[in-house]
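Quick notes on the structure that follows.
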Amino acid sequence: MSLYTITIPCFAQMLRALTTLLRKGEEHAQALGFDAQHLLDARLAPDMHTLARQVEFTCTQAQEAVCRLTQQPLPALATPANMPQARALIEDTLAMLASADRAAIDAGAQQPVSIALAGGLTFDMTGQEYAVNWATPQFYFHLVTAYNLLRHNGVPLGKAEYVQHMFAYARQP
């Protein structure tokens, strides 16, 4: 199985969905007459990150996957301060994914990957283990949390916005 195929196209299609979710959030805020910044500052629980951080972390996982699998330095991403910055971060991430070298990512499957967390905890794995067991679950965790934050704040979203890429496969009765 191609490591590129199970990461890069999936991350890209879901980042496009995240752009749609944020656009719907902005439209909802405008329709109700409040600043969309309130959505970016929203949390599901006091000890959870804001929507802005969820967008940042979703993009971080996608960008770091490219870098770790191709043995490049990790990017330093900033938390978006407003919706235009959030959209720009997603666009930058999509551009990085579009330029990712398929052969280099696939070649990274057996390369060692280490994730060092604060407090000294380190995870050592292969590139394939990293992509399947770390990058992909982390990416979707933060993406779904962003979706849930928007829904929790009244943004009218459904599965159609989340899996918009599936309509390419739809057949009319």
Worked verdict on Q128 versus T126 for side chain to side chain donor-acceptor pair (under 3.5 Å): CA-CA 5 Å; Q128 182 169 337; T126 66; 6.0 Å; no
Step-by-step side chain to side chain donor-acceptor pair (under 3.5 Å) determination, D41 to T50: CA-CA 5 Å; D41 295 337; T50 64; 5.8 Å; no
Residues Q54, H49; criterion side chain to side chain donor-acceptor pair (under 3.5 Å); working and verdict: CA-CA 7 Å; Q54 300 301 336; H49 292 291; 5.8 Å; no
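Using a 4.0 Å cut-off between a side-chain N of Lys or Arg and a carboxylate O of Asp or Glu, E26 and R23 do not qualify as a salt bridge.
T20 contributes no side-chain N or O that, together with a main-chain N or O of E161, makes up a donor-acceptor pair within less than 3.5 Å. One N or O on the side chain of Q85 and one on the backbone of A81 form a donor-acceptor pair closer than 3.5 Å. With R87 contributing its side chain and N82 its backbone, the two residues share no donor-acceptor pair below 3.5 Å. Side-chain N or O atoms of N153 include none that pairs as donor or acceptor with a backbone N or O of L39 at under 3.5 Å. A donor-acceptor contact shorter than 3.5 Å links the side chain of R43 to the backbone of M48. With hydrogens and angles disregarded, no donor-acceptor distance shorter than 3.5 Å links the side chain of H142 to the backbone of V55.
Ring geometry for Y147 against Y162 counts as perpendicular: the plane angle is over 60°, on a 0 to 90° scale with 30° as the lower cut.
Nearest heavy atom pair, residue D106 against residue L3, reads OD1-N, 2.9 Å.
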